[in-house]
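Worksheet: one structure, shown below.
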Amino acid sequence: MFDVAIIGCGPVGAFAANLLGKAGVSVLVIEQEAHPYPLPRAVHLDHEMMRLFQSAGVIDRVAPDMRDTEGHLHVGADHGVIRYMGTVGRARPFSWSNDYFFYQPELEDHLRDALADYSNVTVQLGVAFEGLEQGEGAVTLRLSGGRSEQARYVIACDGARSAVRKALDIRLDDLDFEEPWLVVDAEVDGPVRFPDLWGVPEAANLQTLSVMMCDPKRPATIVPGRGNHRRWEFMLLPGEDDRAMMEPQSVAALVEPYLSGVPHRVVRAATYRFHGLIAERWRQGGVFLAGDAAHQTPPFFGQGMCHGLRDAANLAWKLELVLKGQAPDALLDSYQPERDPHVRAVISAAVGAGRYICMLDPEAAAERDAKMREAAKGAQHGTAADLIPAIATGIVATGTAGAGERFIQPRVGDRLLDDVTGGGWRLFTHGVIEADDVTVIDITTLDDQGAIAAWLADRKADAVLIRPDHYVFGTGKASDLVACRAALIAGVTHQEIAA
Ligand SMILES: Cc1cc2nc3c(=O)[nH]c(=O)nc-3n(C[C@H](O)[C@H](O)[C@H](O)COP(=O)(O)OP(=O)(O)OC[C@H]3O[C@@H](n4cnc5c(N)ncnc54)[C@H](O)[C@@H]3O)c2cc1C
């Protein structure tokens with residue numbers, strides 16, 4: 001019997017398998033296709049993902065293919081800028097650029113290739129999940145070819161149409177957004193044109209950030225990819241037929257304003273329904289949903305896959321503790337309460353952006369533009385990464401300053417903090433204390449230019465305890481944090497701790 005079976009080796013399944021492989025548990029990965037889907041869906045990820053790739057030991061494989069970028073620009077009906085979510089000159093809390101563009105099939109190849117490093121990870125390609133039965137301490141999987149396998153836990157990373165989710169009869173909560181869009185990928189030899197654009201901030205480089213044309217005549221997104229890859233997404237207007245819009249002449253007419261005179265080759269055109277959906281239950285017995293199987297978002301902030309990688313990071317350290325007998329199974333019940341509000345907040349923001357991006361009434365769009373310009377006056381521009389909320393419940397010392405936030409990753413000399421400290425639970429404090437299962441780091445010995453001391457001073461705290469997924473467990477007195485961690489992991493409730 002395997003410790004964990006992962007259904008689906010898309011980016012989320014492959015990433016989860018890397019984390020669990022590194023943790024030393026036995027993993028079975030079941031994937032129905034022999035090769036990753038050859039065309040990109042996701043093109044953007046944020047800096048937290050780069051840090052997670054560090055944790056999974058795959059950063060050296062994936063980083064060379066990443067192209068760092070400078071945020072998002074939203075343009076109104078009159079082709080003037082209405083919202084700038086730029087990252088030029090902004091802090092880099094994890095020492096990575098705030099945003100990256102990439103090519104999804106390459107990322108998936110790297111994540112799959114990395115699994116060969118683990119003798120405790122078995123990958124079965126060309127095998128489909130067909131059904132399951134749950135018993136005491138084991139899940140039996142029915143697979144294609146009449147085969148079966150057993151695992152203590154299963155992570156369903158089998159995508160939006162998840163057969164596992166359907167087998168468990170888990171419904172999706174619909175955030176009431178569904179719009180048809182045409183996705184066009186092209187290889188482009190030259191700069192893309194943006195005719196008639198005005199109000200572009202000086203720092204914004206149109207060739208390196210994603211531009212959202214909120215033009216009621218045809219809402220569209222233009223995204224630079226890695227290398228000469230470029231992505232366009234065009235909203236289909238009422239009455240337009242998917243098939244007709246995918247025809248080469250329709251696609252050529254849509255990209256023409258951006259590519260007139262620029263040599264290019266369209267590599268695909270496909271329609272998608274963008275929607276906001278979240279599974280009502282993320283755990284049933286020994287089975288967990290993760291990635292698109294658990295939630296789907298309109299891609300307006302490029303966060304769909306990022307959510308899934310966060311799911312995997314959240315679940316992996318908890319599974320490791322439970323499987324190694326260091327925590328009760330109940331620890332895994334914190335997965336949905338921690339992840340669902342997180343995902344819901346960001347998907348709701350994307351749905352909110354989708355509502356104004358997809359506005360087709362010219363008067364309403366003009367009113368929107370005026371309001372957004374007024375709101376933006378004098379305000380510090382946010383970035384997409386600012387949308388990520390803190391974890392408010394679960395395995396966090398709620399009520400302590402900074403609890404649930406993502407912890408900074410300063411440079412330590414010429415290295416990155418996590419590479420210096422290693423993964424797992426880390427306590428940053430002044431001096432040294434005894435703590436089981438926690439790496440204690442005396443910040444007075446760290447060559448981090450005082451970054452962590454300043455972070456602690458801002459929160460008026462002596463110490464900070466960091467979870468393996470890099471979220472802040474809590475701040476306060478070092479010994480209190482260690483005791484609180486041990487209690488929460490053992491299943492003591494927040495109320496019992498407070499009493
Ligand atoms: C147009 C578009 C643009 C996007 N842009 C972004 C972006 O910029 N940034 C971002 O973060 N996200 C983006 N996304 C979302 C992102 O592509 C998905 O969130 C991500 O691919 C989900 O990964 P996953 O591993 O959960 O699922 P998938 O990638 O769908 O992988 C599921 C895997 O499970 C396998 N599988 C399915 N059923 C079975 C079965 N029965 N048995 C065995 N295997 C099975 C499939 O073959 C597949 O390999 C975008 C999506 C779209 C459509």
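Side-chain atoms are counted along with the backbone in the values below, which use heavy atoms only and exclude waters and symmetry mates. Numbers for residues simply follow the sequence, beginning at 1. Order of appearance sets the numbers: ligands from 1, and atoms from 1 within every ligand.
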Which pairs of N or O atoms, one from ligand 1 and one from the protein, are separated by less than 3.5 Å, and what is the distance for each pair?
residue  : atom   : partner : partner atom : Å
ligand 1 : 8 (O)  : V43     : N            : 3.1
ligand 1 : 8 (O)  : H44     : N            : 3.0
ligand 1 : 9 (N)  : H44     : O            : 2.8
ligand 1 : 9 (N)  : G302    : O            : 3.1
ligand 1 : 11 (O) : G302    : O            : 3.3
ligand 1 : 11 (O) : G304    : N            : 3.4
ligand 1 : 11 (O) : M305    : N            : 2.9
ligand 1 : 11 (O) : C306    : N            : 3.2
ligand 1 : 12 (N) : G304    : N            : 3.4
ligand 1 : 12 (N) : M305    : N            : 3.0
ligand 1 : 17 (O) : A42     : N            : 3.4
ligand 1 : 19 (O) : D292    : OD1          : 2.6
ligand 1 : 19 (O) : D292    : OD2          : 3.4
ligand 1 : 19 (O) : M305    : N            : 3.1
ligand 1 : 21 (O) : Q104    : NE2          : 3.1
ligand 1 : 25 (O) : P11     : N            : 3.4
ligand 1 : 25 (O) : V12     : N            : 3.1
ligand 1 : 26 (O) : D292    : N            : 2.9
ligand 1 : 29 (O) : R41     : NH1          : 3.3
ligand 1 : 29 (O) : R41     : NH2          : 2.8
ligand 1 : 30 (O) : R41     : NH1          : 3.2
ligand 1 : 41 (N) : F129    : O            : 3.3
ligand 1 : 42 (N) : F129    : N            : 2.9
ligand 1 : 44 (N) : Q32     : N            : 3.1
ligand 1 : 47 (O) : E31     : OE2          : 2.6
ligand 1 : 49 (O) : E31     : OE1          : 2.7
ligand 1 : 49 (O) : E31     : OE2          : 3.2

Check: Does atom CG of D169 have more than 12 heavy-atom neighbours, drawn from other residues, nucleotides or ligands, at distances under 6.0 Å?
Finding: no
Check: Should the ring pair F274 and W181 be called parallel, tilted or perpendicular, given that the plane angle runs from 0 to 90° and is split at 30 and 60?
Finding: parallel
Checklist line | Over-ring placement of R283 relative to F288, 6.0 Å and 45° cut-offs | finding: no
Check: So, for H74 and Y356, is the gap between ring centers shorter than 6.0 Å?
Finding: yes
Could you tabulate the donor-acceptor pairs under 3.5 Å formed by side-chain atoms of residues 150-157, not counting sequence neighbours?
residue : atom : partner : partner atom : Å
Q150    : NE2  : T140    : OG1          : 3.0
Y153    : OH   : D329    : OD2          : 2.6

Check: When the ring planes of W232 and Y258 are compared, do they come out parallel, tilted or perpendicular, using 30° and 60° as the limits?
Finding: tilted
